[in-house]
J.: 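Supplied in structure tokens, the structure appears directly below.
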Amino acid sequence: MTKVGWIGLGAMGGPMAVVLAEAGHEVAAFDVAEGRAQSLAVPGLVPAATAKEAVAEADVVALMVATPAQADAVLFGADELAAALRPGTVVLLMATVGPAAVVSLAERLAPFDVDLVDAPVSGGTKRAATGELLMMVSGSERALAAVRPLLDAMASSAPVVGSAVGDGQKVKLVNQLLCGVHIAAAGEALAFAEALGLDPKETWEVLRSGAAASFMFDDRGSRMVDPENTEVRSALDIFVKDMGLVVEAARDSTYPAPLAAAAEQLYLSGRRAGLGRRDDSSVIEVLRGLQH
């Protein structure tokens, strides 16, 4: 059993923390949203009143926040959480924050004798709840050994993609480039079908099993052609952030990423149109608008 201090109980973080508790780990959980930890209470998951309380006895501090700024604020903000951690504690960062941010966090944790494991996740809320995520993991051998039981509980696949912190983030950005472009392409294709006078749902049904199929075309496409769907499984704002990180990392590497850059513009247009908190499949609304 590992004692886990868990910070961040959103759409992904909440079910992941529950999975750990159900796997027999002792989880003290905190979220800035009042009452969220209490609503998730299961045997083994104890709500904490503050972030410091959550990590006080932790072997591993798990961060599932949304942005680089949030990760920085948790560890080095007003609460000075990093300084409160016991020497030898491991921080397990599972958010997508980009290579530069995670390397900076690891360097600033080192003086406290705290290691960081870089383990961004992919798979969505359903897989988070069943412990079937993909996690792209990097870090030192000692730190990886400490978190391996947690990774095995939360993920069906958690390969070590490098020994250097930041390698996990790099693989995740490749993943997000593909996901973001595929969603945008699905939206463009189905909006194109409409522009041609086709029924988009019938077109989607025909194409979803052909050579042009992809997970994103099947999954997001089903929501794009369902006018009754209002469920938010992954907010468009997440891809505003993630495609921004992709484009930033590409620029830092002097690598042209024209498809990623074009997709980023579509997600930014979606946010500007007020779609940021809607499901990312709503990017089709931007593409429908471009027809006029």
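One-based numbering along the sequence shown. Note that these values count all heavy atoms, side chains included, but never hydrogens, waters or copies made by symmetry.
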J.: Please give me the minimum heavy-atom distance between Ala249 and Leu173, naming the atom from each residue.
T.: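 For Ala249 versus Leu173, the nearest heavy atoms are CB-CD1, 3.7 Å.
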J.: Are there more than 12 heavy atoms of other residues, nucleotides or ligands under 6.0 Å from atom CZ of Arg277?
T.: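 No - once you tally the heavy atoms of other residues, nucleotides and ligands closer than 6.0 Å, there are 12 at most.
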J.: Would you say that Glu264 contacts Leu268 through its side chain, given a criterion of any heavy-atom pair below 4.5 Å between the two side chains?
T.: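 With C-beta onward as the side chain, the pair touches.
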J.: Give the intermediate values and the outcome of side-chain contact (heavy atoms from CB on, under 4.5 Å) for residues Leu133 and Met16.
T.: CA-CA 9 Å; Leu133 292 168; Met16 291 167 67; 3.8 Å; yes
J.: Ignoring hydrogens and geometry, is there a side-chain-to-backbone donor-acceptor pair from Gln169 to Pro99 under 3.5 Å?
T.: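 Here the side-chain-to-backbone pair does not exist.
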J.: Less than 4.5 Å apart, side chain to side chain, heavy atoms only: is that true for Val161 and Val137?
T.: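 When only atoms from C-beta onward are counted, Val137 and Val161 do not touch, as no gap falls below 4.5 Å.
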J.: Measure the spacing between CE of Met136 and OG of Ser122 and express it to the nearest 0.5 Å.
T.: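 One gets 5.0 Å once the value is rounded to the nearest 0.5 Å.
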J.: Would you say Leu75 and Leu9 are hydrophobically clustered, going by side-chain heavy atoms of ILVMFWY under 4.5 Å?
T.: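 Each belongs to a different hydrophobic cluster.
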J.: Please name the pair of heavy atoms, one in Ala95 and one in Val65, separated by the smallest distance, quoted to 0.1 Å.
T.: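 Smallest interatomic distance, heavy atoms only, reads CB-O, 3.1 Å.
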J.: So do the side chains of Ile183 and Met224 get within less than 4.5 Å of each other, counting heavy atoms only?
T.: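 They are in contact (side-chain heavy atoms under 4.5 Å apart), so the answer is yes.
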J.: Tell me if the CD atom of Glu80 is crowded by more than 12 foreign heavy atoms within 6.0 Å.
T.: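 At most 12 heavy atoms, drawn from other residues, nucleotides or ligands, come within 6.0 Å of this atom.
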J.: Working to the nearest 0.5 angstrom, can you tell me the gap between Asp279 CG and Thr230 OG1?
T.: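 One gets 9.5 Å once the value is rounded to the nearest 0.5 Å.
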J.: Scan residues 25-52 for pairs that pass salt bridge (Lys or Arg N to Asp or Glu O under 4.0 Å), counting only residues two or more places apart or in two chains.
T.: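 Counting only pairs at least two positions apart or across chains, the salt bridge (Lys or Arg N to Asp or Glu O under 4.0 Å) contacts touching residues 25-52 are Asp31-Arg36.
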J.: Are Trp204 and Ser222 packed together at the side-chain level, in the sense that at least one heavy-atom pair is separated by less than 4.5 angstrom?
T.: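 In short, these two side chains touch, coming nearer than 4.5 Å.
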J.: For the pair Lys241 (side chain) and Thr96 (backbone), establish whether a donor and an acceptor sit closer than 3.5 Å, ignoring hydrogens and angles.
T.: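 Between the backbone of Thr96 and the side chain of Lys241 there is a qualifying donor-acceptor contact (under 3.5 Å).
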J.: Kindly indicate whether the side chain of Leu20, heavy atoms from C-beta on, has any atom under 4.5 Å from the side chain of Met154.
T.: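 Heavy-atom side-chain distance check passes, below 4.5 Å.
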J.: Looking only at heavy atoms, which two atoms of Val19 and Ala128 are closest? And how far apart?
T.: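 Looking at all heavy atoms of both residues, the closest pair is CG2-O, 3.4 Å.
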J.: Assess whether side-chain contact (heavy atoms from CB on, under 4.5 Å) is satisfied between Thr203 and Leu207, documenting all intermediate values.
T.: CA-CA 6 Å; Thr203 305; Leu207 299 180; 3.8 Å; yes
J.: In Å and rounded to the nearest 0.5 Å, what is the OG to CG distance from Ser138 to Asp118?
T.: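 The CG atom of Asp118 is 3.5 Å from OG of Ser138, to the nearest 0.5 Å.
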J.: Is the number of heavy atoms from other residues, nucleotides or ligands within 6.0 Å of CZ (Arg223) greater than 12?
T.: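 It does: Arg223 CZ has more than 12 such atoms within range.
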J.: Could you state whether Val114 and Val55 fall into the same hydrophobic cluster, counting links through intermediate Ile, Leu, Val, Met, Phe, Trp or Tyr residues with side-chain heavy atoms under 4.5 angstrom apart?
T.: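 Yes, one cluster joins them.
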J.: Less than 4.0 angstrom from a charged side-chain N to a carboxylate O is my criterion; do Glu194 and Arg288 meet it?
T.: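 Salt bridge: yes.
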J.: Can Leu109 be reached from Val90 by stepping across I, L, V, M, F, W or Y side chains whose heavy atoms are under 4.5 Å apart?
T.: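 They do not share one cluster, since no chain of ILVMFWY contacts under 4.5 Å joins Val90 to Leu109.
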J.: Mind checking whether Arg220 and Ser234 have side chains closer than 4.5 Å, heavy atoms only?
T.: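 Side-chain contact under 4.5 Å: yes.
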J.: Measuring from atom OG of Ser281 to atom CG of Asp219, what distance do you get when rounded to the nearest 0.5 angstrom?
T.: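 Result: 8.5 Å between the selected atoms.
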J.: Is there any salt bridge (Lys or Arg N to Asp or Glu O under 4.0 Å) pair reaching into residues 134-151, and which pairs are they, with sequence neighbours excluded?
T.: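 Salt bridge (Lys or Arg N to Asp or Glu O under 4.0 Å) check on residues 134-151 returns Asp115-Arg142, Arg148-Asp152.
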J.: How close do Val60 and Ala146 get, heavy atom to heavy atom, and via which atoms?
T.: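 For Val60 and Ala146, the tightest heavy-atom pair comes out as CG2-O, 4.2 Å.
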J.: Determine whether Glu53 and Phe30 satisfy the following criterion, side-chain contact (heavy atoms from CB on, under 4.5 Å), listing intermediate values before the conclusion.
T.: CA-CA 8 Å; Glu53 181 182 312; Phe30 173 77; over 6 Å; no
J.: Apply the test side-chain contact (heavy atoms from CB on, under 4.5 Å) to residues Arg251 and Val247: give CA-CA distance (whole Å), side-chain angles for both, the deciding distance (0.1 Å), then the verdict.
T.: CA-CA 6 Å; Arg251 185 182 301 112; Val247 171; 3.5 Å; yes
J.: Between the side chains of Thr2 and Asp59, does any donor sit under 3.5 Å from an acceptor?
T.: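 Judged by distance alone, the side chains do not pair up.
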J.: Is any side-chain heavy atom of Val18 less than 4.5 Å from a side-chain heavy atom of Val27?
T.: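 No, side chains not in contact.
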J.: Less than 4.0 Å between a side-chain N and a carboxylate O, is that true for Asp226 and Lys201?
T.: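 A salt bridge is absent here (no side-chain N lies under 4.0 Å from a carboxylate O).
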J.: Please report the interatomic distance CD(Gln176) to CE(Met243), rounded to the nearest 0.5 Å.
T.: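 Result: 8.5 Å between the selected atoms.
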J.: For the backbone of Arg86 and the side chain of Thr89, can you confirm whether one donor and one acceptor N or O come within less than 3.5 Å of each other?
T.: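 Here the side-chain-to-backbone pair exists.
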J.: Going only through I, L, V, M, F, W and Y residues with side-chain contacts under 4.5 Å, is there a path from Val61 to Val32?
T.: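 Cluster IDs for Val61 and Val32 match.
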J.: Are side-chain heavy atoms of Ile284 and Glu188 found at a separation under 4.5 Å?
T.: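 The answer is no; the side chains never approach within 4.5 Å.
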J.: Checking side chain to side chain contact (heavy atoms under 4.5 Å, CB included) between Leu63 and each of Leu93, Leu81, Val97, Leu116, which is the one that passes?
T.: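 The option that passes is Leu93.
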J.: Validate the cation-pi geometry between Arg208 and Phe217: distance from NZ or CZ to the six-membered ring centre under 6.0 Å, angle to the ring axis within 45°.
T.: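 Relative to the ring axis of Phe217, which defines the angle, Arg208 lies outside at least one limit.
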J.: Please report the shortest heavy-atom distance between Lys172 and Pro120, naming the atom on each side.
T.: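 What the structure gives for the nearest pair is CB-CG, 3.5 Å.
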J.: Please name the pair of heavy atoms, one in Ala71 and one in Leu105, separated by the smallest distance, quoted to 0.1 Å.
T.: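 Smallest interatomic distance, heavy atoms only, reads CB-CD1, 4.0 Å.
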J.: Regarding Asp237 and Arg278, does a basic nitrogen lie under 4.0 Å from an acidic carboxylate oxygen?
T.: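 Salt bridge between Asp237 and Arg278, a charged N being under 4.0 Å from a carboxylate O: no.
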J.: Report the distance from atom CG of Leu178 to atom CZ of Phe215, rounding to the nearest 0.5 Å.
T.: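 Nearest 0.5 Å value for the CG-CZ distance: 13.5 Å.
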J.: Tell me whether Val160 shares a hydrophobic cluster with Val171, the cluster being built from Ile, Leu, Val, Met, Phe, Trp, Tyr side chains joined at under 4.5 Å.
T.: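 No, separate clusters.
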J.: Students often mix this up, so state it plainly: with edges at 30° and 60°, are the rings of Phe239 and Tyr267 parallel, tilted or perpendicular?
T.: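 Parallel, since the angle between the ring planes stays under 30°.
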